[in-house]
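One structure is given below, encoded as structure tokens.
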Amino acid sequence: MTASPATTPPPDAAVPPQGMGGISPEDLLQSGGYNGCFGCGEGHESGLRFQRTSADGEAVYGHFTVTEQHQGSPGLAHGGLLATAMDEVLGTAAWSLGRMAVTGRLETDYRIPVPVGSVVHLKAWCTGVDGRKIYLQGEGRIGSPDGPVAIQAAALFLEVSREHFLGER
Ligand SMILES: CCCCCCCCCCCCCC(=O)SCCNC(=O)CCNC(=O)[C@H](O)C(C)(C)COP(=O)(O)OP(=O)(O)OC[C@H]1O[C@@H](n2cnc3c(N)ncnc32)[C@H](O)[C@@H]1OP(=O)(O)O
């Protein structure tokens, strides 16, 4: 993935460790989420139902299955849906650092089409943090964690306070 200048960290940006204040990245992964979330909500009938599976100190991992409700053209996943999946795993990678953040910019490269019925294995990692700016990259592979790369992403997330989510609409 060739990240644009907006999603490339400055050279001196460090990558902080996963986890937060004695909470392991694995525990963080299980603590985040919201049942109504289109990306990860288990109760969302037409959502991705993305399952976060692990964090290994460097990246986070998970998967989802492309259903008929996710089609763009007949039998193939919609591109926006795949970008949503990347948004979800990138957000999970930010959360694995113990940071509450939202997507500011998301860039995607689509490499090969993704058929309905595919299990898409997602992985995301941080490339640097500069103040509130969290730089992330990720990829989605078809069929297995070593399968062909279908989608790649680079993103800039911005750390926000809890009030961002609780403010009046
Ligand atoms: C409870 C816990 C749950 C955990 C769940 C875990 C899993 C979660 C999974 C969920 C996954 C799903 C996740 C989702 O879907 S999150 C939902 C989708 N995203 C949003 O709704 C965000 C909407 N946007 C905003 O709220 C604001 O615009 C934000 C907060 C992003 C920034 O507004 P804010 O007023 O705060 O900051 P600022 O404007 O002063 O900018 C600050 C700096 O940032 C730079 N900048 C900003 N934007 C961009 C840009 N686009 N490209 C390049 N640069 C950008 C800017 O130039 C400046 O740089 P500098 O001048 O300082 O150098």
Side-chain angles (χ1 to χ4, degrees), residues 1-66 70 77-109 120-140 151-169:
M1 172 88 200
T2 308
S4 79
T7 58
T8 301
D12 58 345
V15 177
Q18 290 183 337
M20 173 177 63
I23 307 175
S24 74
E26 294 276 0
D27 285 347
L28 268 182
L29 247 57
Q30 299 315 320
S31 72
Y34 152 56
N35 199 35
C37 174
F38 182 82
C40 68
E42 288 176 15
H44 201 303
E45 273 185 32
S46 54
L48 298 182
R49 298 187 181 186
F50 170 67
Q51 292 181 34
R52 304 182 180 112
T53 53
S54 60
D56 64 5
E58 298 197 348
V60 297
Y61 304 84
H63 55 80
F64 79 102
T65 301
V66 178
H70 301 154
H78 193 290
L81 187 286
L82 295 172
T84 302
M86 295 313 303
D87 194 19
E88 185 67 30
V89 72
L90 292 160
T92 301
W95 178 240
S96 77
L97 306 174
R99 299 184 189 229
M100 205 175 290
V102 293
T103 328
R105 183 178 174 87
L106 175 63
E107 299 163 4
T108 48
D109 281 338
V120 183
H121 292 260
L122 302 172
K123 170 182 176 181
W125 59 94
C126 177
T127 55
V129 172
D130 180 26
R132 292 175 55 218
K133 295 180 183 176
I134 305 170
Y135 297 86
L136 301 150
Q137 289 200 15
E139 64 181 24
I151 183 165
Q152 296 167 307
L156 171 66
F157 275 57
L158 273 293
E159 195 167 2
V160 293
S161 68
R162 194 164 283 270
E163 283 65 44
H164 177 95
F165 303 102
L166 302 176
E168 284 186 29
R169 303 283 173 241

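Read the numbers this way: they start at 1 and go in the same order the structure lists the ligands and their atoms. Just so you know, residue 1 is the first one in the sequence shown, and it goes up from there. Side chains included, hydrogens not; waters and symmetry mates left out as well; all remaining heavy atoms used. Because the structure is a prediction, the values reported are computed rather than measured.
For atom 19 (N) of ligand 1, the nearest protein heavy atom lies closer than 4.0 Å. There is a protein heavy atom closer than 4.0 angstrom to atom 51 (N) of ligand 1. In this structure, atom 54 (N) of ligand 1 is in close contact with the protein, since a protein heavy atom lies within 4.0 Å of it. Note that atom 13 (C) of ligand 1 has protein non-hydrogen atoms nearby, at separations under 4.0 angstrom. Within a 4.0 Å radius of atom 44 (O) of ligand 1, the protein contributes at least one heavy atom. Within a 4.0 Å radius of atom 37 (O) of ligand 1, the protein has at least one heavy atom. Shown here, atom 16 (S) of ligand 1 is in close reach of the protein: a heavy atom of it lies under 4.0 Å off. Proximity of atom 33 (O) of ligand 1 to the protein is not indicated, since no non-hydrogen protein atom lies closer than 4.0 angstrom.
Formation of a donor-acceptor pair under 3.5 Å by the Thr53 side chain with backbone atoms of Tyr61 is found in this model.
Of all protein heavy atoms, the one closest to atom 2 (C) of ligand 1 is Trp95 CH2, 3.8 Å. Looking at atom 41 (O) of ligand 1, its nearest protein heavy atom turns out to be Leu158 CD1, 4.7 Å. The closest protein non-hydrogen atom to atom 1 (C) of ligand 1 is Met100 CE, 4.4 Å. Of all protein heavy atoms, the one lying nearest to atom 7 (C) of ligand 1 is Arg52 NH2, 3.1 Å. In this structure, the protein non-hydrogen atom closest to atom 40 (O) of ligand 1 is Arg132 NH1, 4.7 Å. Of all protein heavy atoms, the one lying nearest to atom 5 (C) of ligand 1 is Gly33 N, 3.6 Å. Protein heavy atom closest to atom 26 (O) of ligand 1, with residue, atom name and distance, is His164 CE1, 3.1 Å. Ranking the protein heavy atoms by distance from atom 10 (C) of ligand 1 puts Glu88 OE1, 4.0 Å first.
In this structure the side chain of Phe157 reaches within 4.5 angstrom of the side chain of Asp87, judged on heavy atoms. With a 4.5 Å cut-off on side-chain heavy atoms, Thr92 and Phe50 count as touching. Phe38 places a side-chain heavy atom less than 4.5 Å from the side chain of Leu81. Considering only heavy atoms from C-beta on, Val160 comes within 4.5 Å of Arg132 through its side chain. Counting only heavy atoms from C-beta outward, the side chains of Trp125 and Glu139 approach each other to under 4.5 Å. Residues Val120 and Val66 form a side-chain contact, since some pair of their non-hydrogen atoms from C-beta on lies under 4.5 Å apart. By the 4.5 Å heavy-atom criterion applied to side chains, Gln18 and Leu97 are counted as neighbours. No side-chain heavy atom of Asp130 sits less than 4.5 Å from a side-chain heavy atom of Pro9.
Of the polar atoms of Asp87, at least one N or O is found under 3.5 Å from an N or O of ligand 1, judged by distance alone. The shortest N or O to N or O distance between Thr103 and ligand 1 is below 3.5 Å. Considering backbone and side-chain N/O atoms, Val102 never comes within less than 3.5 Å of an N/O atom of ligand 1. In terms of N/O distances under 3.5 Å, ligand 1 is approached by Lys133. The N/O atoms of Arg162, backbone and side chain alike, include none that comes under 3.5 Å of an N/O atom in ligand 1.
Aromatic ring pairs are classed by plane angle as parallel below 30°, tilted from 30° to 60° and perpendicular above 60°; the pair His121 and His63 is tilted.
There is no side-chain donor-acceptor pair under 3.5 Å between Glu26 and Ser24.
For the pair Leu136 and Cys126, the tightest heavy-atom approach, listed with the atom from each and the gap, is CD2-CA, 3.7 Å.
Atoms of ligand 1 found under 4.0 Å from any heavy atom of Leu156, numbered from 1 in the order shown, are 53 (C), 54 (N), 55 (C).
Applying side chain to side chain contact (heavy atoms under 4.5 Å, CB included) to Gln152 and the options Thr2, Thr108, Asp109 leaves one that passes, Asp109.
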